[in-house]
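This report refers to the structure that appears directly beneath it.
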Amino acid sequence: MITLKAFAKINLGLRILGKRDDGYHNIETILHYINLYDEIIFENTPNIIFETNEKELPQDDNNLCVKATKLLQQLTGLQKGAHISLIKNIP
């Protein structure tokens with residue numbers, strides 16, 4: 001099991017440069033990390049399992065954690081899964 005902290009940041013300046021083909025935006029920013037974080041816990045499992053304490057987040061293939069895990073499977077050729085628990089503390 002691996003537990004990571006995903007720290008929050010405050011954007012002190014933000015300039016949107018343009019929209020990319022994948023729907024996200026290229027940005028230029030000045031940011032500062034603060035001592036507030038979400039926790040992400042990874043456990044080795046045969047399948048992809050995602051759970052969170054945040055009811056508003058999707059828990060299917062639309063979730064970014066699930067998408068990232070599937071992309072890693074494609075890029076590495078490995079079909080191992082992961083049990084991913086996201087504990088949201090950042091509003």
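Note that these values count all heavy atoms, side chains included, but never hydrogens, waters or copies made by symmetry. Just so you know, these numbers come straight off a predicted model, no measurement behind them.
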Check: Which atom pair, heavy atoms only, marks the closest approach of Phe7 to Ile90?
Finding: C-CD1, 4.3 Å
Checklist line | Validation row: Lys88, Leu57 side chains within 4.5 angstrom (heavy atoms) | finding: yes
Checklist line | Closest heavy-atom pair and its distance - Gly13, Thr29 | finding: O-OG1, 2.8 Å
Notebook entry, point to check: Considering the options Asn11, Ile10, Leu12, which one meets the side-chain contact (heavy atoms from CB on, under 4.5 Å) requirement together with Leu31?
Noted result: Asn11
Notebook entry, point to check: Do you know which two heavy atoms are closest between Thr45 and Asn47, and how far apart they sit?
Noted result: OG1-O, 2.6 Å
Note to self: What I'd like to find out is whether the side chain of Val66 reaches to under 4.5 Å of the side chain of Asp60, using heavy atoms alone.
What the structure shows: no
Next item on the list: Locate the shortest heavy-atom distance separating Cys65 from Thr69; write the atom from each residue and the value.
Entry: O-OG1, 2.8 Å
Check: Atom CD of Glu43 and atom CE of Met1: how far apart are they, to the nearest 0.5 Å?
Finding: 5.0 Å
Next item on the list: Might you point out which heavy atoms bring Phe50 and Gln59 nearest each other, and give the distance in Å?
Entry: O-OE1, 3.4 Å
Check: Is the NZ or CZ atom of Lys9 positioned over Tyr33's six-membered ring, under 6.0 angstrom from the centre and within 45° of the axis?
Finding: no
Item checked: Flag if over 12 foreign heavy atoms under 6.0 Å of CZ, Arg20 -> yes
Checklist line | Note: Lys70-Asp61 ion pair, threshold 4.0 Å (strictly below) | finding: yes
Check: More than 12 heavy atoms of other residues, nucleotides or ligands under 6.0 Å from CD1 of Ile2: is that the case?
Finding: no
Check: Taking only residues two or more places apart in sequence, or in another chain, which ones meet Thr52 in a side chain to side chain donor-acceptor pair (under 3.5 Å)?
Finding: none
Check: Out of curiosity, does Phe42 fall in the hydrophobic cluster containing Leu86 (side-chain heavy atoms, cut-off under 4.5 Å, transitive links)?
Finding: yes
Notebook entry, point to check: Hey, does Ile16 have a side-chain heavy atom less than 4.5 Å from the side chain of Glu28?
Noted result: no
Next item on the list: Could I get the full list of salt bridge (charged side-chain N to carboxylate O under 4.0 Å, His left out) partners for Asp21, not counting sequence neighbours?
Entry: none
Notebook entry, point to check: Short question: side chain of Asn89, backbone of Asp38 - any donor-acceptor pair under 3.5 Å?
Noted result: no
Item checked: Minimum side-chain heavy-atom gap Thr3-Glu39 below 4.5 Å -> yes
Margin query: Would a single hydrophobic cluster contain both Ile48 and Ile40, if residues Ile, Leu, Val, Met, Phe, Trp and Tyr are joined by side-chain heavy-atom contacts under 4.5 Å?
Written below: yes
Which donor-acceptor pairs under 3.5 Å do side chains of residues 76-85 form with protein atoms, sequence neighbours excluded?
unit_1, atom_1, unit_2, atom_2, d
Thr76, OG1, Leu72, O, 2.7
Thr76, OG1, Leu78, N, 3.2
His83, NE2, Glu51, OE2, 3.2
Ser85, OG, Glu51, OE2, 3.0

